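One structure is given below, represented as structure tokens, and several questions about it will come after.
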Amino acid sequence: MGSIPATRSRFEAVEHKPLGGPFKIEAAYRSDTSEDKVNLGIGAYRDDAGQPWLLPSVAEAKKRMDLPSCTHEYSPLHGIDAFIEPARRLVFGAELDPEIAPFVASMQTVSGTGANSIIAKFLARWIQPQQIWLPAQTWDNHPHIWRQNAPAIQVRDYPYYDQKTCSLDFAGLMATLERDAKEGDAILLHACAHNPTGIDPTEDQWKDIALLCEKKRMFVVFDSAYQGFAFGNLDKDAWSIRHFATHPDLEFAVCQSFSKNLGLYGERVGALHIVTSRNAAPSVALAIRSQLVEIHRGEVSIAPAFGARVATTVLTSEEIFSQWLEDLVFMSGRIKAMRQALFDELVALGTPGSWKHVVDQTGMFSYTGLSTDQVAVMQEKFHIYMLPTGRISICGLRDANVKYVARAIDSVVREGKA
Ligand SMILES: Cc1ncc(COP(=O)(O)O)c(C=O)c1O
């Protein structure tokens, strides 16, 4: 006490951390006063007017919830069972779920980010893998989450995106893991609609990845933030996870988010499911859940209730669920239509290069193949904001701006050729 001069702060050594990734782009976009500006950095669905979209299924769920009389009690520490159970069923499907449920430790989390950080902490505490393998291109928060929550686990990259062909570097992925992954390492896989590349393995490739993970006894962490956004179909988008579940000895986790597929971004709705070997005693899953709860309690205690109640209403009412399926088809359909529109414009302009990857990629994002320098020109000259990696959010495209974006891409690509 008393050693800190009154005019000075003990925090003077704290360094300012500038915004990074999409948040930096968002801030730059907001301060741009040009009427032409286009935000292709956003990681949230936008309608054709560029506005956030309240899903009709979610609107209907809120109507049915009798909001004025909703109380605000604490949920149980592990979360709301009425939410967790249908959330788990959505991951594993009606057929597989009854068989697998006794072997799964599930809890409600603060959306997908919360699930990712809890599994990192849990593995660091209980399994201690030497390395966590992340795809070389991944959501920018993944390395951050692992370094912050599990500093003893070394973060490694496996090849994912082949710059030359704008497709999956499957041979590189397999060879690297085969050579460098150690028995017991952890690996992160995007269940579908890979962020940022928009490229997912094929079913045959998933089968090979599962076999390799089994052979190396790797612990798989599936990040499932876009179920329903790839094919517009919840079952097809869970294929990879359900396939891994057919290997009874493969133990893995699923970080499930409802931010994107229900448009509940700010409500922080998610779950973490850890699947144990089908040879494990059911007490193992219960013990795991008790330890997850222990970690969660020291972090945020209990996940927020409101959004989970909205999700529960959508998941458990037959009529609203059907509406949700339509909403998913609508959102993924608009994204596909915008991919096609951008592709058609680029082809019509005769823009040098092949642009087929724009329509072949899936989900919310596309890796355009534009270089960091070209991205800088897109921003400076055309007021079009995208990540320096060349990633665009297709949701930022709309009928009113797709021609403009295509002409800008055409211009920067030709400039590079000159
Ligand atoms: C791949 C991936 N995982 C997880 C998340 C987490 O989102 P949330 O915390 O909103 O569920 C995101 C969000 O952009 C994402 O792209």
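These numbers come from a predicted model, not from an experiment. Atoms within each ligand, like the ligands themselves, are counted from 1 in listed order.
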Q | Within residues 13-28 or reaching into it, pairs that qualify as salt bridge (Lys or Arg N to Asp or Glu O under 4.0 Å) - sequence neighbours excluded | A |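 Applying salt bridge (Lys or Arg N to Asp or Glu O under 4.0 Å) to every pair that reaches into residues 13-28, excluding sequence neighbours, yields Glu26-Arg30.
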
Q) For Arg391, which of Asn195, Thr368, Thr197 qualifies under side-chain hydrogen bond (donor to acceptor under 3.5 Å, both in side chains)? A) Asn195

Q) Parallel, tilted or perpendicular: which describes the rings of Phe244 and Trp206, with under 30° parallel and over 60° perpendicular? A) perpendicular

**Q.** More than 12 heavy atoms of other groups within 6.0 Å of Arg64 CZ
**A.**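 Yes, because the 6.0 Å sphere around CZ of Arg64 holds more than 12 heavy atoms from other groups.
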
Q: Could you list the residues that satisfy ring-ring contact (aromatic ring centres under 6.0 Å, His included) with Trp133, not counting sequence neighbours?
A: none

Q: Kindly tell me which protein residues have any non-hydrogen atom under 4.0 angstrom away from an atom of ligand 1, grouped by chain and ordered by number?
A: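 The 4.0 Å shell around ligand 1 contains Ser111, Gly112, Thr113, Trp139, His190, Asn195, Asp223, Ala225, Tyr226, Ser257, Ser259, Lys260, Arg268.
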
Q. So which pairs with a foot in residues 92-109 pass side-chain hydrogen bond (donor to acceptor under 3.5 Å, both in side chains), sequence neighbours left out?
A.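 Residue pairs with at least one partner in residues 92-109: Arg88-Asp97, Ser106-His273.
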
